[in-house]
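All remarks here apply to the structure that follows.
We're numbering straight along the sequence, starting at 1. Just so you know, ligand 1 is whichever comes first in the structure, and atom 1 is the first atom listed for that ligand.
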Amino acid sequence: MGINTEPKNYQVLFLDMNSFFASVEQQVRPELRGKPIGVAPYTGDSGCIIAASIEAKRQGVKICRIGEAKKIIPSMTILEARPALYMLYHKEIRKVIEKFTPYYRAMSIDEFAICLTPLDQNYNNSIKLARKIKQTIKSEVGDYLNCSVGISTSKFLAKMAASSQKPDGLVVLNLGQLENFYAKLKLTDLTGVNFRTEARLNFIGIKSPLDFYNCNLSYLSTTLKHAGKNWYYRLRGYEVDDFISKTKTIGHSHVLEPALRDKNSALSVLHKLVFKAGYRLRQENYLAGGVYLTIGFSDRTTFSQSQKSVDFFSDNMTFWQKIELILKKCPWPGQPVSPSVSAGPSPDGSQGGPIYLAVGAFNLKKNKGEQISIFAEIEKRKKLATALDHINDDFGADTVISASMMQAGDSAPDRIPFGRPRYDILH
Ligand SMILES: [Mg+2]
């Protein structure tokens, strides 16, 4: 795979669970089914909804502040996120996929990419496989869980296909359909294109995905360097994004939407980014010996610091505590100092609110499982993180929930907003 291999149809099946956290809550609490609900790491009005149920989305609520959502749907139920529960369901969905194929990778807590075997690299069989997986998730994991599936030449296109029909979609996107497909999209609909990237593309004359697709290789390579070359091939269906990242940092970044450019929302999203990065650390079996944090503000200042650590770690709680230490040094221009105080809305970010967030781990080494910490607390956290990630048949739901309560005893509950996995973006 890569840019030396011509793209072929029916290579990747991408499965994206719809409104995952909210649907899991509705699965375990039938009284919430059919109703608009939102899941949030903090449930005060200034908190931020990180997953809205399909019913809430239909009425126009997406990721936004709770107060904003309640203006649209006053009766909306807001629940505090329960990460251990979502991880349990993630694991159950993995088990279903493993029944059908060993060639898959979890891209995030609610997304899976499956490499199709030659037998399934055609219309009928790939569709049949998709339907079987969808049905088995419903029959063996939860009848209220829907997913959208995309089938295409690469992970990127299969994910785009999956995103094009929500909820409960099944879309095949072939090479001959690309122009028509791109014609219906905005630039920010492309996975990996955020507000900042969109502005940069506009600047070089690219206003739409179709413009982007029609750009030739030399123009993209000249204006956007290596990233431009990757986009040229990615948009044509080549497998540019490797299944396993070879980088020596694991991190995530996010541009806050205008309505969320305040300190509270930024902290919620930072929790989410730390959780995602921690998950990948463990998934790729790394220990980290350092963390970094960058926050870009609307007054054009940037706060950026990293910290090397003596103790290697891979659990979310240690990760978050290290980020919190760095956060204490952050000046938050124009914002109240205490995280418990609502910053109030700053829709245009004109008061110096946060716009861009990036967090990650570096100084990575493979976890050989030999390091035994002399600190019992550190051992406990390591085990907890692993248990949450790899809940197996021997662990019942009660075991997992008591583990999460142990963690909650220390500080805030494990707050986990979750969203897109990291794909290559323009640097
Ligand atoms: Mg999803």
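Contact of the Tyr103 side chain with the Thr117 side chain is registered, since non-hydrogen atoms from C-beta on lie closer than 4.5 Å.
Ring pair His90/Phe21: centre-to-centre distance not below 6.0 Å. For Tyr238 and Trp231, the gap between ring centers reaches or exceeds 6.0 Å. Aromatic rings of Phe319 and Phe313 (six-membered ring for Trp) have centroids within the 6.0 Å cut-off, being under it.
For Arg33 (side chain) and Tyr144 (main-chain N/O), no donor-acceptor pair under 3.5 Å exists by modelled atom type.
For a distance threshold of 2.8 Å, the protein N, O or S atoms nearer than that to the Mg ion (ligand 1), listed by chain and number, are Asp16 OD1, Met17 O, Asp110 OD2.
Pairs of residues two or more places apart, or lying in two chains, that qualify as salt bridge (Lys or Arg N to Asp or Glu O under 4.0 Å) and include a residue from residues 8-31 are Asp16-Lys166, Glu25-Arg82, Arg29-Glu31.
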